[in-house]
Protein chains: 2
Amino acid sequence: MASLSDISRHAGVSIATCSRVLNGSAHPVSEATRRRVLKAAEELGYAPSALARALVTRSSRIIGVIVGDIVDPYFAEIARGVEAVGAELGYLTMVCSAELGSEAELGHLRQLRDYHAAGIVFAGSGRVDDPSAEALATAVEDARNRGSVVLALAQRDFEAPTILFDNEAAAHDITAHLRDRGHDRITFVEGPAGLHTSAQRRNGFLRAGGTDTIPGGFAYEDGCAAANQLLASGTLPDAIVAANDEVAIGVLTRLRDAGVKVPEDVSVAGIDDLRPAHFVGLTTVSVPLHEMGRRAAQAVLENGAQDVVLPHALAIRNTTR
Amino acid sequence: MASLSDISRHAGVSIATCSRVLNGSAHPVSEATRRRVLKAAEELGYAPSALARALVTRSSRIIGVIVGDIVDPYFAEIARGVEAVGAELGYLTMVCSAELGSEAELGHLRQLRDYHAAGIVFAGSGRVDDPSAEALATAVEDARNRGSVVLALAQRDFEAPTILFDNEAAAHDITAHLRDRGHDRITFVEGPAGLHTSAQRRNGFLRAGGTDTIPGGFAYEDGCAAANQLLASGTLPDAIVAANDEVAIGVLTRLRDAGVKVPEDVSVAGIDDLRPAHFVGLTTVSVPLHEMGRRAAQAVLENGAQDVVLPHALAIRNTTR
DNA sequence: TTGTAAGCGTTATCAA
DNA sequence: TTGATAACGCTTACAA
């Protein structure tokens with residue numbers, strides 16, 4: 001691949017001048033030489049080395065989004081938001097999946113730092129009593145020292161501007177809605193143990209006067225399991241709110257398979273309002289994932305951000321009465 | 001952040017020596033100095049600049065996976081495969097989502113090339129009569145010249161080793177199975193128009209003696225729409241095979257909502273065997289997505305690959321009789 | 001076993 | 001308006 005010095009030679013112009021025309025610098029260049037450089041670049045198929053550029057400018061046009069699980073549409077929605085605004089300005093948004101836990105997160109963070117990423121966005125929640133919390137905090141600090149903007153889109157145990165919605169309030173509001181509609185006995189299917197987000201949603205549920213709570217997770221199967229447990233217990237609650245949509249759909253499906261009428265016999269609600277919720281007409285709460293992604297990208301472009309909490313909204317559909 | 005020269009100064013040792021101990025070079029270094037360097041690095045919190053390293057070695061430890069849509073579990077499965085083997089060897093796998101079509105693909109490809117990515121894997125299929133096909137082919141060529149290994153995991157219109165399964169055969173086999181089970185009138189819900197993959201699956205269906213075919217897509221809603229169309233036509237076929245699982249699930253759901261018994265009245269099958277297929281017990285065909293991802297990563301580590309076609313397998317469950 | 005120095009491909013400072 | 005040239009942080013001959 002042609003480099004600046006190739007162009008320089010080909011066009012009979014200094015490297016500095018070539019650089020100036022090829023990267024749209026403000027420095028004035030005569031129209032004549034500009035054309036010659038452009039022509040040479042065209043002929044030689046010049047493409048700048050982002051590597052070399054990043055090395056000297058100390059920042060590359062990479063935005064890394066560290067997600068908990070790449071198959072989770074929750075994260076996909078965020079990633080799309082980031083990409084939507086990043087792409088406009090020539091940033092490359094890359095999503096790094098850390099399914100293996102915070103060890104993997106740490107690995108991705110370090111690599112992103114080592115590549116001087118312009119932005120590092122943590123899309124997922126931190127874990128309570130995370131053994132690698134300290135190492136993570138240090139690496140975050142290092143990354144910032146290298147010039148990366150680090151953002152948290154959920155509660156984390158390190159210093160970073162946050163772009164959030166209120167998980168506790170979201171869980172509270174849907175539960176309160178159900179109570180308002182006359183449901184007395186409401187069961188909450190919890191999220192994965194140890195995630196801050198799980199705890200927040202659980203707290204919101206409890207604060208709204210929810211009664212029982214059973215272990216769950218964030219996956220469809222967890223919802224099925226929870227429904228089975230409820231079914232086996234012999235007596236169903238008036239309503240079930242699940243830690244997220246996918247679990248709610250698991251519950252819903254299992255219940256209906258077992259001949260339980262939803263919402264006539266029991267109401268079922270989720271949280272997140274992702275695509276699958278539309279498929280089944282699930283009552284849930286809409287959270288601003290895409291907008292969070294957009295704002296995160298803006299924050300890295302603007303090189304910083306204020307903490308912000310974005311609004312959520314109930315999406316009442318037909319799995320609750 | 002500390003750099004090599006900081007370490008060098010702090011340890012009273014040349015930069016070259018520091019480099020040698022810090023990057024595990026084969027060049028011999030005395031145990032004593034090695035320790036001093038390590039100690040200095042530790043104290044100063046040294047982290048190498050992947051950028052600088054990549055600039056001189058002409059290859060960075062980045063594997064880019066260009067997918068068609070980051071929310072599609074099809075791609076997620078591939079990405080996981082890549083990541084699984086890439087992570088072991090310290091490669092950073094980043095997925096770039098090109099929902100906006102091949103213009104976006106081109107953008108990602110160029111960026112990955114500009115960052116001297118070690119590997120660039122195209123997870124999704126190319127489009128027939130793609131206007132940016134030529135630009136794409138050129139950029140692929142450039143990337144290869146810069147040392148990137150470029151791989152295709154579906155049919156593409158540029159030169160690259162392929163790691164595939166046989167889409168046509170997959171569609172053929174599931175259709176043939178249905179015929180063997182005595183279904184005569186079989187309808188195929190097509191994939192998105194213009195994708196090579198769609199055409200291949202359609203061809204397989206036809207070759208197996210499938211009769212009718214109606215437009216569809218790759219999304220749940222497309223399946224619903226197709227079911228509606230079938231329902232409206234007044235007469236249902238014996239079986240329906242959809243271009244992928246998600247569409248099949250859309251068909252299935254809509255049909256059942258309309259009171260049609262599946263599989264008693266009509267059989268429904270998909271292709272891909274992704275997670276949702278398990279949720280509903282969908283008959284489908286398992287394709288080796290994860291393995292393709294793994295092989296792709298291996299190929300970049302080994303700096304090249306032979307073309308290979310991986311086997312698929314029928315997964316007969318309970319939406320067909 | 002250690003060090004010197006020449007790149008890698010840019011950008012940016014300073015003169016001309 | 002243009003051009004030398006010194007960084008950026010690292011690897012790697014080549015010398016010592």
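Values below: every heavy atom of this structure, side chains too, minus hydrogens, waters and symmetry copies. Small disclaimer: the values here were computed from a predicted structure and weren't measured. In what follows, chains are A, B, ... by sequence order, proteins preceding strands, each numbered from 1.
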K.L.:
Starting at OH of Y115(B) and ending at C1' of dT10(C), how long is that distance when rounded to a whole Å?
P.N.:
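Going from Y115(B) (OH) to dT10(C) (C1'), I get 12 Å.
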K.L.:
Kindly write out the residues that satisfy salt bridge (charged side-chain N to carboxylate O under 4.0 Å, His left out) with D157(B), not counting sequence neighbours, or none if the list is empty.
P.N.:
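Counting only residues at least two positions away or on another chain, D157(B) forms no salt bridge (charged side-chain N to carboxylate O under 4.0 Å, His left out).
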K.L.:
Let me check the geometry of the helix from dT1(C)-dA16(D) to dA16(C)-dT1(D). What is the bend angle between the axes at its two ends, five pairs each, to 10°?
P.N.:
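Both end axes considered, the difference amounts to 40°.
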K.L.:
Please step through side-chain hydrogen bond (donor to acceptor under 3.5 Å, both in side chains) for the pair H108(A) and E103(A), ending with a clear verdict.
P.N.:
CA-CA 9 Å; H108(A) 284 129; E103(A) 271 310 318; over 6 Å; no
K.L.:
Identify, between R58(B) and G12(B), the residue whose nearest nucleotide on DNA chain C lies closer to the 5' end.
P.N.:
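The answer here is G12(B).
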K.L.:
Could you check whether D142(A) pairs with R110(A) (Lys NZ or Arg NE/NH1/NH2 to Asp/Glu carboxylate O, under 4.0 Å)?
P.N.:
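Salt bridge: no.
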K.L.:
With side-chain contact (heavy atoms from CB on, under 4.5 Å) as the test, pick out the partner of Y46(A) among V37(A), L38(A), D6(A), L22(A).
P.N.:
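So the option named by the test is L22(A).
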K.L.:
Grab the CG-P distance between L22(B) and dG9(D) for me, whole Å please.
P.N.:
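Rounding to the nearest Å, CG of L22(B) and P of dG9(D) are 15 Å apart.
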K.L.:
Measure CG/L55(A) against P/dA6(D) and give the value in whole Å, please.
P.N.:
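Going from L55(A) (CG) to dA6(D) (P), I get 17 Å.
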K.L.:
What integer distance in Å separates H116(A):NE2 from dG9(C):C1'?
P.N.:
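Going from NE2 in H116(A) over to C1' in dG9(C) covers 15 Å.
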K.L.:
Less than 4.5 Å apart, any side-chain heavy atom of H290(B) and any of I78(B)?
P.N.:
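The answer is no, as the side chains (C-beta and beyond) never meet within the 4.5 Å cut-off.
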K.L.:
I need the full list of side chain to side chain donor-acceptor pair (under 3.5 Å) pairs touching residues 21-34 of chain A, with sequence neighbours left out, sorted by first then second residue.
P.N.:
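Non-adjacent pairs meeting side chain to side chain donor-acceptor pair (under 3.5 Å): S30(A)-T33(A).
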K.L.:
Once you round it to whole Å, what is the distance between P of dG3(C) and CZ of R9(B)?
P.N.:
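Between P of dG3(C) and CZ of R9(B): 15 Å.
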K.L.:
Could you tell me if the side chain of E77(A) sits less than 4.5 Å from the side chain of M292(A), heavy atoms only?
P.N.:
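The answer is no; the side chains never approach within 4.5 Å.
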K.L.:
What I want to find out is whether R146(A) reaches D114(A) closely enough, with some N-O distance under 4.0 Å, to be called a salt bridge.
P.N.:
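So R146(A) pairs with D114(A) through a salt bridge.
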K.L.:
Check nucleotides 10-13 of chain D for protein N or O atoms closer than 3.5 Å to its own N or O atoms and list the pairs.
P.N.:
{"residue": "dC10(D)", "atom": "OP1", "partner": "Y46(B)", "partner atom": "OH", "Å": "2.7"}
{"residue": "dC10(D)", "atom": "OP1", "partner": "S49(B)", "partner atom": "N", "Å": "3.2"}
{"residue": "dC10(D)", "atom": "OP2", "partner": "L4(B)", "partner atom": "N", "Å": "2.3"}
{"residue": "dT11(D)", "atom": "OP1", "partner": "N23(B)", "partner atom": "ND2", "Å": "2.9"}
{"residue": "dT11(D)", "atom": "OP1", "partner": "R53(B)", "partner atom": "NE", "Å": "2.9"}
{"residue": "dT11(D)", "atom": "OP1", "partner": "R53(B)", "partner atom": "NH2", "Å": "3.4"}
{"residue": "dT11(D)", "atom": "OP2", "partner": "S19(B)", "partner atom": "OG", "Å": "2.6"}
{"residue": "dT11(D)", "atom": "OP2", "partner": "N23(B)", "partner atom": "ND2", "Å": "3.3"}

K.L.:
Please list, by residue number, the residues of residues 27-42 of chain A whose heavy atoms come closer than 4.0 Å to an atom of DNA chain C; answer none if no residue qualifies.
P.N.:
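Going residue by residue through residues 27-42 of chain A, none turns out to have a heavy atom under 4.0 Å of DNA chain C.
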K.L.:
Taking atom CG of D129(A) as the centre, report whether more than 12 heavy atoms of other residues, nucleotides or ligands fall under 6.0 Å from it.
P.N.:
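At most 12 heavy atoms, drawn from other residues, nucleotides or ligands, come within 6.0 Å of this atom.
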K.L.:
Once side-chain contact (heavy atoms from CB on, under 4.5 Å) is applied, do any residues pair with R61(B), and if so which ones, sequence neighbours excluded?
P.N.:
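R61(B): side-chain contact (heavy atoms from CB on, under 4.5 Å) contacts with Y115(A), Y91(B).
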K.L.:
Given atom CG of L51(B) and atom P of dT10(C), what is their separation to the nearest angstrom?
P.N.:
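Interatomic distance, CG of L51(B) to P of dT10(C): 13 Å.
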K.L.:
Regarding R156(A) and D130(A), does a basic nitrogen lie under 4.0 Å from an acidic carboxylate oxygen?
P.N.:
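Salt bridge: no.
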